[in-house]
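Per chain, numbering begins at 1; letters A, B, ... match sequence-line order.
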Amino acid sequence: MAQQDSAQAIDRELTMSRAMVEAIADEMRADEEVFYMGEDVADYGGIFDSTQGLLEEFGHDRIMDVPISETAYIGAAVGAAQAGMRPIAELMFVDFFGVGMDQIYNQMAKNTYMSGASVNVPMVLTTAVGGTYNDAAQHSQTLYGTFAHLPGMKVVVPSTAYDAKGLMHNAIRDDDPVVYMFHKRLMGIGWMPAPDGPKTPVPEEEYTIPFGSADVKREGEDVTVVTLGLHVHRAIEAAEDLAEDGIDAEVVDLRTLVPLDTETILESVAKTGRLVVVDEDYRSYGVTSEIVARVAEEDLASLEAVSRLAVPDVPIPYARPLENEVIPATEDIKDAVRSIGS
Amino acid sequence: MVQASKLQTMFTDMVTARYYEERLQEEYLEGKQPAFDISAGPIPGELHLAAGHEASATGVCQHLRDDDTVTAPHRPHHIAIAKGVDLNRMTAEIFGRETGLSKGKGGHMHLFDPEVNFACSGIIAEGCPPAVGAGLAAKKRNEDSVAVAFIGEGAVSQGAFLESLNLASVQDLPVVFVIEDNDWAISMPKDRVTDVADASQRAGGFDMPGERVDSDDATAVYDAAKEAVGRARDGNGPTLLEVQVHRRMGHFMGDPESYRPEEDSAAAKNRDSIERLASELRAAGIEDEEIDELRENAHDRVDSAIEWAKDQPQPDPEDAYGDVFVGPESGVTTTETTHELAGDTRAGGDD
Ligand SMILES: Cc1ncc(C[n+]2csc(CCOP(=O)(O)OP(=O)(O)O)c2C)c(N)n1
């Protein structure tokens with residue numbers, strides 16, 4: 001080592017689920033008013049490890065298994081939040097949002113505005129998103145665009161353990177409702193192997209990451225790839241391969257959809273002139289369209305070429321060849337980059 | 001007394017369903033060893049097997065015809081088998097093949113066989129409203145078909161279930177709601193999520209008959225369902241029926257079940273409704289040889305369905321884009337007729 005840093009580099013690596021849980025546990029220790037409600041979050045520890053180990057420390061009163069009644073318990077989180085507590089409610093799969101959606105978008109998301117901000121809703125709605133494991137149309141969606149479209153909730157999508165922890169601290173402390181969407185494939189669950197990437201060094205102490213600050217996960221000069229969640233890792237992999245062909249891709253991880261860091265995207269596009277947006281949600285009326293529209297509105301002059309890659313407008317099919325066809329793969333990202341030249 | 005021939009049919013359904021789940025478990029775990037990877041192997045994704053639930057499906061479905069509708073939840077195989085869903089095509093669907101019931105698009109939680117009016121949904125309790133709709137259609141058309149919605153006991157706190165009870169009741173619809181109570185909703189024991197141990201009591205709040213069959217005894221289910229289905233078919237409205245069943249396997253394959261006491265798993269395995277029915281067959285004078293033959297035939301049928309399914313072609317990736325709609329996107333027309341509307345200036349006329 002050339003020089004002695006004042007602070008030692010952090011080498012403690014955590015899976016994304018461990019990092020999330022660490023932030024939740026910290027907040028629960030610091031504030032009695034934080035509690036967690038969801039199906040199978042107590043003894044099971046969350047189907048996707050979102051609450052592993054919390055029951056042992058906090059007990060059933062604060063890590064609450066609830067009936068399969070999404071309307072009731074998500075709505076109860078809204079009410080408890082309005083009473084000043086800081087509930088975290090988990091929707092096991094985002095696909096189940098339909099069951100409790102009124103509480104989410106007509107109550108949780110609107111009560112602040114409708115009350116002229118005399119009421120506020122300091123809660124977090126955590127939910128598992130994503131496909132790639134053949135769970136078919138009712139258990140594989142990301143629905144990023146659906147939640148981001150409806151005003152009144154912040155929407156967080158971490159892609160690494162480091163980000164997951166800092167974003168979770170910020171989410172729980174936020175005085176407004178935050179939807180925290182974690183991708184199953186990134187959690188580091190034993191039975192669903194994660195790609196390389198989401199497991200990162202994570203500081204032991206607490207830290208917050210501001211919403212609305214995208215992170216350039218790989219710097220590049222030739223093309224900007226904007227993405228989120230699982231596809232950050234697919235984009236980085238694509239970029240490494242493209243580098244061998246002399247194409248230098250920059251990968252921008254949005255980290256939050258609401259608020260959206262348009263600035264970082266514009267800076268990158270101003271440099272590269274080429275924009276590829278990659279999303280695991282449906283193509284139409286979604287994240288890809290929004291990003292392209294913002295860049296077109298703000299800096300059309302820099303935009304030499306555009307491509308977007310998302311799930312074509314079909315429900316997610318079950319069979320492996322069909323699912324592989326519709327969820328953007330690393331190869332598809334490379335093709336999209338190549339298709340707009342450089 | 002249930003007729004001997006009915007006992008035999010029920011026994012056949014039950015051993016078919018049990019063996020089917022055991023064979024699927026084997027197939028599912030193939031390619032997922034030594035480290036369990038949910039997306040690997042010939043059957044990827046979640047798999048919810050129903051070993052221990054057989055009595056409820058067969059006891060109810062004995063009273064159903066092909067034109068009666070059944071909706072099943074995420075744990076559907078035993079119900080599909082009892083309803084007479086095409087076993088080959090259902091198996092091909094579970095293996096994600098082109099000739100599967102849904103051409104590989106649906107998978108094991110989303111089986112549809114319109115030939116026998118069977119459908120399922122993986123969202124808890126959401127099969128209830130469509131069953132009410134099937135009952136509504138029958139009533140409107142003055143037909144005597146009925147609809148049965150199967151759910152787990154975890155679903156009884158869900159709005160879709162409770163709202164369906166009310167709608168079916170106030171409209172006097174020919175619907176039977178069947179709760180398969182296996183004591184667990186994944187890791188959540190019943191008493192953690194409801195104060196009402198007997199969910200058939202929920203019927204009272206809707207002025208509907210409710211009954212609970214306290215053991216997974218196929219003939220007891222048969223008798224209770226006979227009354228419920230009969231009531232519906234005769235135009236006397238809905239019934240709520242709860243049946244005690246047992247979960248012999250994990251919630252889904254790969255479930256470590258660390259939340260579940262050993263004794264509970266052991267007890268579930270000991271209460272075998274299939275053995276119970278076998279002794280009733282013997283009591284009805286059916287020889288052991290004949291019982292063995294029923295069992296063997298059922299096993300052969302399952303084995304050959306699995307063999308057939310695994311031989312079927314994978315779907316073509318391009319097929320992913322089809323089947324979003326059945327008709328043309330433009331609707332029933334591709335042209336627009338012109339109408340002269342008062343105050344319409346588009347036509348450019350000046351009168
Ligand atoms: C609306 C909704 N919430 C949660 C789930 C996740 N989930 C799948 S099965 C299950 C437990 C269901 O328990 P029960 O109804 O008793 O049926 P069992 O699995 O025991 O047969 C849960 C919570 C879901 N599929 N849909």
Side-chain angles (χ1 to χ4, degrees), chain A residues 38-48 55 60 64-73 75 92-93 95-100 102-103 131-140 184-185 189-194 311-327 329, chain B residues 32 35-40 43-46 74 93-98 100 102-110 121-126 152 154-160 162 185-189 192-194 251-252 254-256 258-260 314-324:
Chain A
E39 293 149 10
D40 305 284
V41 299
D43 301 63
Y44 201 106
I47 299 299
F48 303 106
L55 177 69
H60 280 106
M64 292 174 61
D65 269 348
V66 291
I68 308 173
S69 308
E70 284 80 3
T71 294
Y73 77 80
M92 189 190 289
F93 289 69
D95 312 67
F96 309 158
F97 80 112
V99 174
D102 191 76
Q103 292 299 325
T132 74
Y133 66 102
N134 311 96
D135 222 9
Q138 296 181 335
H139 290 76
S140 300
K184 299 160 217 167
R185 180 61 82 192
I189 309 159
W191 45 272
M192 196 185 297
V311 175
D313 300 318
V314 300
I316 313 278
Y318 163 64
R320 197 174 281 131
L322 302 179
E323 196 203 40
N324 288 346
E325 172 68 20
V326 304
I327 296 185
Chain B
K32 294 187 181 66
F36 186 96
D37 173 354
I38 188 168
S39 43
I43 305 174
E46 284 179 83
H74 56 287
E93 185 61 31
I94 294 167
F95 280 84
R97 303 306 167 107
E98 195 180 32
S102 310
K103 308 173 203 169
K105 290 196 169 83
H108 111 99
M109 271 189 279
H110 316 106
S121 170
I123 313 294
I124 296 304
E126 297 296 335
V156 304
S157 303
Q158 194 62 295
L162 296 163
I186 311 185
S187 69
M188 303 194 298
R192 189 175 296 165
V193 290
T194 177
H251 170 76
F252 34 40
D255 178 358
S258 42
Y259 52 82
R260 190 175 185 185
Q314 303 274 353
D316 181 343
E318 288 298 311
D319 293 344
Y321 302 95
D323 297 328
V324 178

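- At a 4.5 Å heavy-atom cutoff, the contact between B:Ala185 and chain A is made by backbone and side-chain atoms alike.
- Across A:Thr71, A:Ile316, A:Thr132, A:Asp65, the residue that shares the most heavy-atom pairs under 4.5 angstrom with chain B is A:Asp65.
- Note: B:Gln158 leads B:Gln158, B:Lys105, B:Glu318 in heavy-atom pairs under 4.5 Å with chain A.
- Ranked by heavy-atom pairs under 4.5 Å with chain A, the list B:Gly100, B:Gly154, B:Ala155 is led by B:Gly154.
- Proximity of a side-chain donor or acceptor of A:Glu325 to a complementary backbone N or O of B:Ala320 within less than 3.5 Å is not detected.
- Remark: the backbone N or O of B:Ser157 is paired with a side-chain donor or acceptor of A:Ser69 at under 3.5 angstrom.
- Interface summary for chain A: among B:Ile43, B:Val324, B:Ile123, B:Asp316, the most heavy-atom pairs under 4.5 angstrom belong to B:Ile123.
- Ranking B:Gly106, B:Gly322, B:Gly254 against chain A, the residue ahead of the rest is B:Gly106, based on heavy-atom pairs under 4.5 Å.
- B:Ser187 and A:Asp40 form a side-chain donor-acceptor contact under 3.5 Å, judged by distance and modelled atom types alone.
- Neither the backbone nor the side chain of A:Met64 comes within contact range of chain B, judged by heavy atoms closer than 4.5 Å.
- Proximity to chain A (any heavy atom under 4.5 Å) is restricted, for B:Ala40, to the backbone atoms N, CA, C and O.
- Only the backbone of A:Asp313 comes within contact range of chain B, judged by heavy atoms closer than 4.5 Å.
- In this pair, B:Phe252 and A:Trp191 present their aromatic rings tilted. The plane angle is within the 30 to 60° band.
- Distance check, rounded to the nearest 0.5 Å: CG of A:Leu322 to CD of B:Glu98 gives 9.5 Å.
- Of the atoms belonging to B:Glu126, it is side-chain heavy atoms, and not backbone ones, that fall under 4.5 Å from chain A.
- With contacts defined as side-chain heavy-atom distances shorter than 4.5 Å, the pair A:Asp43/B:Arg192 qualifies.
- Within the 4.5 angstrom heavy-atom criterion, no atom of B:Ser102 approaches chain A.
- Heavy atoms of B:Lys103 lying under 4.5 Å from chain A belong exclusively to its backbone.
- Closest approach of A:His139 to B:Gly122, counting heavy atoms only: CE1-O, 3.7 Å.
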What's the verdict on side-chain contact (heavy atoms from CB on, under 4.5 Å) for B:Asp255 and A:Tyr44, showing C-alpha distance, side-chain angles and the deciding distance? CA-CA 10 Å; B:Asp255 178 358; A:Tyr44 201 106; 3.7 Å; yes
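- With a 4.5 Å cut-off on non-hydrogen atoms, A:Ser140 does not touch chain B at all.
- Looking at A:Ile189, there are no atoms closer than 4.5 Å to chain B (heavy atoms on both sides), in backbone or side chain.
- For chain A, the nearby part of B:Ile124 is the side chain; its heavy atoms alone come within less than 4.5 Å.
- Closest non-hydrogen pair, A:Met92 versus B:Ile186, comes out as CE-CD1, 3.9 Å.
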Is there a side-chain contact (heavy atoms from CB on, under 4.5 Å) between B:Ser39 and A:Glu323? Walk through the geometry before answering. CA-CA 11 Å; B:Ser39 43; A:Glu323 196 203 40; over 6 Å; no
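- In terms of modelled atom types and a separation under 3.5 Å, the side chain of A:Tyr133 and the main chain of B:Glu46 share no donor-acceptor contact.
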Take A:Gln138 and B:Met109, measure what side-chain contact (heavy atoms from CB on, under 4.5 Å) needs, and give me the verdict at the end. CA-CA 9 Å; A:Gln138 296 181 335; B:Met109 271 189 279; 5.6 Å; no
Can you check side-chain contact (heavy atoms from CB on, under 4.5 Å) on A:Ile68 and B:Met188, steps first, answer last? CA-CA 10 Å; A:Ile68 308 173; B:Met188 303 194 298; 4.2 Å; yes
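- With a 4.5 Å cut-off on non-hydrogen atoms, A:Val326 touches chain B through its side chain but not through its backbone.
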